[in-house]
J.: 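One structure follows; several queries about it will come next.
Counting begins at 1 with the first residue of the sequence. Order of listing sets the numbers, starting from 1, for every ligand and every atom in it. Basis for what follows: all heavy atoms, side chains included, without hydrogens, waters or symmetry-related copies.
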Amino acid sequence: MEKDTLDPWGTSAVKNYERLQSEFGIAPVGPLVKRFKKPSPHMSRGIDFGQRDLALIADAVENNKPYAVMSGIKPDGAFHLGNKMTADDMIYFQSLSKKAKVYYAIADVEAYADNGISFAESSKTALRNVADILALGLDPEKAVVYKQSEEIRVMKLSTIFSKGVTNNMLKAIYGERQIGLYMSALVQAGDILMPQLPEFGGPKPVLVPVGADQDPHIRLTRDLAVRYQSDFGFIPPSAVYHRLELALTGGYKMSKRVPESGFTLDDSAVEASRRVRIAFTGGRDTVEEQRRLGGRADVCPVYDLYRFHFAHDDEHVKLVYHECTEGIRLCGECKQEAIGLVKGFLEEHHKRRDSLMADAKELLARSRKYLMSAGTQ
Ligand code: SF4
């Protein structure tokens with residue numbers, strides 16, 4: 001069987017999540033779900049499939065201890081559904097405790113290395129991206145947002161880490177890549193470990209919610225945390241992994257690099273509806289076959305829209321799955337319902353996001369002030 005490769009910068013896809021767990025040592029989320037009083041929709045719908053040391057976060061929540069949730073966005077365009085997945089996890093884990101703090105990095109170094117986007121251009125995109133996460137529910141009182149290129153501690157850590165890795169180590173994790181991408185991986189390790197520096201309260205559990213394809217960054221950072229444990233006391237970061245959403249154009253991964261494969265939170269309701277209307281489905285060739293055999297929800301990106309984002313609740317997801325696989329619903333009506341949900345969401349989101357632009361600016365300014373004064377008192 002063909003092996004899945006994990007490429008955080010590519011369009012690689014995952015076909016077999018169980019195999020991924022055994023190959024890369026990712027543990028299942030299932031046994032830990034009961035430790036969270038109100039599991040997130042990602043947990044209850046099996047979207048978060050894997051984890052590393054998630055128990056440390058459950059311990060911190062139960063014992064009212066501080067922990068950090070670390071995530072970021074590459075400012076290479078509008079917020080897309082993949083960014084929303086990570087943001088949803090981040091917001092959920094932030095909401096579990098008063099002692100939780102989100103560190104959100106604008107990955108402008110990576111945007112430059114991977115996409116050639118200037119730092120000035122990144123700045124403009126970043127503001128809108130921050131307004132998007134606020135509109136999705138981020139609590140700004142428990143969040144710090146910063147640009148990688150401006151955070152000197154991240155840069156210092158990545159310089160220190162660059163002494164501890166060899167070309168061969170990076171090649172083994174990422175394959176042969178340009179130096180800029182290796183550098184951005186070390187910068188990202190700096191992002192993930194920064195919340196454990198003394199000026200932010202010292203070593204603590206840090207959770208990184210990511211898509212399965214980002215695991216190479218987690219493995220590298222955990223390795224670096226162990227290598228530099230005696231210097232900084234780092235606790236290897238925890239991670240929770242979500243499944244990758246199927247592409248509307250068919251294929252295993254919706255990707256920002258293939259715009260038609262999904263849509264962004266900037267797209268108009270009309271444009272997003274068009275993409276859903278022409279989307280690939282798991283339907284059969286004829287109505288008669290679909291009624292007799294049922295649809296294939298497991299390979300259907302329209303079903304993923306319900307399951308990952310837009311269903312009213314878990315019961316609604318179950319109903320769609322049941323009606324599809326039993327041949328009760330047909331693809332045309334199913335798409336129509338999905339379009340209604342997508343439209344409703346986008347119209348509401350646009351309103352909320354536009355009303356939060358000033359708050360996004362304020363959060364960035366407040367974060368900059370906080371980071372500048374951290375460690376100087
Ligand atoms: Fe997909 Fe809906 Fe068709 Fe089932 S009925 S295959 S979920 S579009």
J.: Any heavy atom of K335 sitting closer than 4.0 Å to ligand 1?
T.: no
J.: Going by ring pair (Phe, Tyr, Trp, His ring centres under 6.0 Å), H316 matches just one of F310, Y306, Y321. Which one?
T.: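 The option that passes is Y306.
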J.: Are K101 and P66 close enough that some pair of their side-chain heavy atoms sits under 4.5 Å apart?
T.: no
J.: With a 4.0 Å cut-off on heavy atoms, does Q290 reach ligand 1?
T.: yes
J.: State yes or no: are the ring centers of Y174 and H217 separated by less than 6.0 Å?
T.: yes
J.: For atom 4 (Fe) of ligand 1, grab the closest protein heavy atom and report residue, atom and distance to one decimal in Å.
T.: C324 SG, 2.3 Å
J.: Quick one: which ligand 1 atoms are inside 4.0 Å of a heavy atom on C300?
T.: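 Checking each atom against C300, I get 1 (Fe), 6 (S), 7 (S), 8 (S).
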J.: Going by distance alone, is a donor N or O of one side chain under 3.5 Å from an acceptor N or O of the other, for Y303 and R296?
T.: no
J.: With a cut-off of 2.8 Å, does any N, O or S atom of C334 fall short of it relative to atom 2 (Fe) of ligand 1?
T.: yes
J.: Quick check for you: to the nearest 0.5 Å, what is the distance between D267 atom CG and H350 atom NE2?
T.: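 So the gap between those two atoms works out to 7.5 Å.
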J.: If the cut-off is 4.0 Å to any non-hydrogen atom of Y303, which atoms of ligand 1 fall inside it?
T.: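 This gives 7 (S) as the contact atoms.
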J.: What atoms in ligand 1 come closer than 4.0 Å to a heavy atom of G282?
T.: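 Numbered from 1, ligand 1 contributes 6 (S).
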J.: Using modelled atom types and a 3.5 Å cut-off, is there a donor and acceptor pairing between side-chain atoms of S238 and backbone atoms of D53?
T.: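 Present.
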J.: Atom 4 (Fe) of ligand 1 and C331: any N/O/S contact shorter than 2.8 Å?
T.: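 So C331 does not bind atom 4 (Fe) of ligand 1 by this criterion.
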